[in-house]
Amino acid sequence: MTTSAPLQATAPAGLAEDGSIELRGVRRTYGDVTAVDDLDLTVNPGEFVTLLGPSGSGKTTTMMMVAGFEDLTSGTVLINGRPVDTLPPKDRNLGIVFQSYALFPHMSARENVEFPLRMRRVRPTERRRRAEEALDRVGLTKLGDRRPRELSGGQQQRVALARALVFNPSALLLDEPMAALDKRLREQMQEEIKTIQRSLGISVLFVTHDQDEAMSMSDRIVVMRDGRIVQQGPPEDVYTHPVNDWVANFLGDTNLLPCSVVERNGDAAVVDLGALGTGRVRDLGARGERYAVSIRPEHLAFLPEGRPENSATGRLVSSTNLGATIRHRVHAGGQDLLLRELSAGRRTSRATGDDVCIGWNQDEAQLLVLDS
Ligand SMILES: Nc1ncnc2c1ncn2[C@@H]1O[C@H](COP(=O)(O)OP(=O)(O)O)[C@@H](O)[C@H]1O
Ligand SMILES: [Mg+2]
């Protein structure tokens with residue numbers, strides 16, 4: 001597909017397709033349930049944006065509205081900068097891999113991939129050529145004759161991806177495409193999807209409830225809860241600087257140190273951590289009733305000795321070797337803190353019960369609002 005001229009079968013001639021997707025004030029209610037609430041979201045050309053949230057947070061409903069399978073209660077969706085609210089799904093030129101959009105079981109892999117081209121009235125020889133190219137791109141060159149049930153789960157997902165790519169869509173919508181695969185295969189597919197996305201430069205709106213998947217694939221993560229966006233940003237930012245304890249916990253293990261705010265200036269704050277002393281931490285400016293500092297376990301480190309700020313003394317409660325990393329539990333200031341360090345090269349002289357000193361960097365400690 002890299003070598004073939006793009007065939008924009010559905011795009012009106014003369015209008016540029018930059019692959020952008022924009023949601024403006026999008027809402028969807030089902031009776032009393034508000035599935036999606038006043039969503040504003042943009043996927044820029046070539047960007048990989050992931051909706052990350054627990055089950056029921058409105059991810060699929062959002063995707064269905066972008067694809068055109070669900071009506072909006074209010075708001076507007078734009079694709080390539082143009083409103084598409086009156087366009088049926090087939091005219092939106094989006095490549096789709098949804099659970100609800102399975103392969104046709106009675107068709108071979110090749111026929112499945114050719115299907116979108118058949119709908120677009122592409123000639124049989126051209127259709128065949130492009131289906132082969134798409135199958136080749138997902139590594140299924142030799143399996144085109146098989147029916148879906150003769151393929152593994154991972155191979156079926158590759159066929160679905162080839163079917164989504166074969167007509168040169170403006171953008172890709174992928175809703176939990178790897179949900180049914182085991183961990184190793186998932187990771188392999190994640191890398192393949194990223195490679196394909198980069199080489200095509202195509203915009204992707206991706207859905208997952210798996211924070212590792214979101215972290216490893218996205219240019220930007222949009223964290224959703226109860227039909228709303230709680231926070232969005234590059235993966236490292238959202239991970240290291242969550243706005244509240246719900247986001248902090250949803251994205252992985254974290255230490256939450258309850259605190260009171262002594263002073264705020266710009267993006268830094270001085271906090272009183274009670275028995276853990278004072279800290280100087282990052283501040284996103286979130287306001288609430290109760291505050292804490294969030295520090296990821298890998299952002300805590302053992303120190304040779306204490307410091308006036310951003311450090312604490314405590315007792316080593318346990319050390320567990322997890323293979324690649326060691327997880328330590330340190331009791332300090334009346335609570336247990338998790339500290340994670342790489343196993344490689346560690347010859348620790350610390351033993352359970354020892355007094356230890358731990359510390360953190362200002363940039364990796366985030367002031368946040370206790371929300372839950
Ligand atoms: N067709 C429907 N009828 C009624 N409620 C629905 C329908 N589709 C989704 N919902 C509700 O909308 C909310 C969001 O669902 P969904 O978008 O599927 O979330 P997610 O994909 O994040 O798990 C849930 O509370 C769900 O029960
Ligand atoms: Mg869903």
Side-chain angles (χ1 to χ4, degrees), residues 21-43 48-77 79 84-85 88-89 92 94-103 153-154 156-157 160-161 163-164 171-183 185-186 189-190 193 203-218 220-233 235 238-239 242-244 246-252 371-372:
I21 299 171
E22 196 179 338
L23 289 80
R24 291 190 191 155
V26 168
R27 264 170 67 83
R28 172 72 214 210
T29 57
Y30 297 101
D32 291 346
V33 178
T34 303
V36 172
D37 199 2
D38 201 20
L39 209 67
D40 288 309
L41 174 69
T42 302
V43 181
F48 195 114
V49 174
T50 297
L51 305 180
L52 172 68
S55 179
S57 56
K59 306 181 301 293
T60 293
T61 305
T62 302
M63 298 296 262
M64 296 290 270
M65 290 189 287
V66 175
F69 297 128
E70 286 281 359
D71 290 334
L72 286 64
T73 304
S74 56
T76 298
V77 173
I79 297 169
V84 295
D85 301 310
R92 297 188 181 197
L94 297 170
I96 288 168
V97 182
F98 287 0
Q99 277 160 351
S100 58
Y101 193 56
L103 296 176
Q156 289 178 31
Q157 283 310 81
L161 190 59
R163 184 178 65 178
L172 275 182
L173 305 182
L174 310 176
D175 188 347
E176 310 240 11
M178 274 95 76
L181 309 181
D182 64 40
K183 187 172 181 296
L185 199 51
R186 271 177 93 99
M189 283 287 288
Q190 287 166 8
I193 289 178
S203 326
V204 174
L205 186 56
F206 186 85
V207 162
T208 185
H209 64 270
D210 180 330
Q211 55 278 10
D212 292 338
E213 190 162 284
M215 287 291 301
S216 67
M217 299 187 76
S218 317
R220 183 152 49 98
I221 291 180
V222 177
V223 184
M224 288 187 68
R225 184 189 188 189
D226 297 337
R228 292 170 172 274
I229 296 173
V230 198
Q231 184 171 5
Q232 58 176 308
V238 179
Y239 181 77
V243 290
N244 61 33
W246 187 87
V247 174
N249 283 317
F250 190 69
L251 265 84
D371 201 37
S372 38

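Values below: all heavy atoms of this structure, side chains included; hydrogens, waters and symmetry mates excluded. Note that ligands are numbered from 1 as they come in the structure, with each ligand's atoms numbered from 1 the same way.
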Any atoms of ligand 1 less than 4.0 Å from a non-hydrogen atom of [X]? List them with their elements.
X   : answer
P54 : 22 (O)
T60 : 17 (O), 18 (O), 20 (P), 21 (O)
S57 : 19 (O), 20 (P), 22 (O)

- Query: Nearest protein heavy atom to atom 27 (O) of ligand 1: under 4.0 Å?
  - Reply: no

- Ring geometry between F69 and Y101 (parallel below 30°, tilted from 30 to 60°, perpendicular above 60°): tilted

What residue and heavy atom of the protein are closest to [atom], and at what distance?
atom                    : value
atom 6 (C) of ligand 1  : Y30 CD1, 3.3 Å
atom 25 (O) of ligand 1 : V33 CG1, 3.9 Å
atom 22 (O) of ligand 1 : K59 NZ, 2.8 Å

Side-chain heavy atoms of [X] within contact of [Y], under 4.5 Å:
X    : Y    : value
M64  : F98  : yes
L72  : R28  : no
L51  : L41  : yes
K59  : L52  : no
L23  : M65  : no
F250 : V230 : no

- Task: State, without any angle test, whether E176 and Q99 hold a side-chain donor-acceptor pair at a distance under 3.5 Å.
- Result: no

- Item | Steps toward salt bridge (charged side-chain N to carboxylate O under 4.0 Å, His left out) verdict (D371, R225) | CA-CA 13 Å; D371 201 37; R225 184 189 188 189; 3.7 Å; yes

- Just wondering, more than 12 heavy atoms not from R228 lying within 6.0 Å of its CZ? no

- Query: Passes side chain to side chain contact (heavy atoms under 4.5 Å, CB included), Q231 versus W246? Steps please.
  - Reply: CA-CA 11 Å; Q231 184 171 5; W246 187 87; over 6 Å; no

- Item | Close approach, G58 and ligand 1, non-hydrogen under 4.0 angstrom | yes

- Note on the structure: If you compare A35, G56, G227 by their heavy atoms, the one closest to atom 20 (P) of ligand 1 turns out to be G56

- Relative to atom 15 (O) of ligand 1, which among L52, T61, T34 owns the nearest non-hydrogen atom? T61

- Note on the structure: Result, protein N, O or S atoms below 2.8 Å from the Mg ion (ligand 2), excl. waters, equals 1

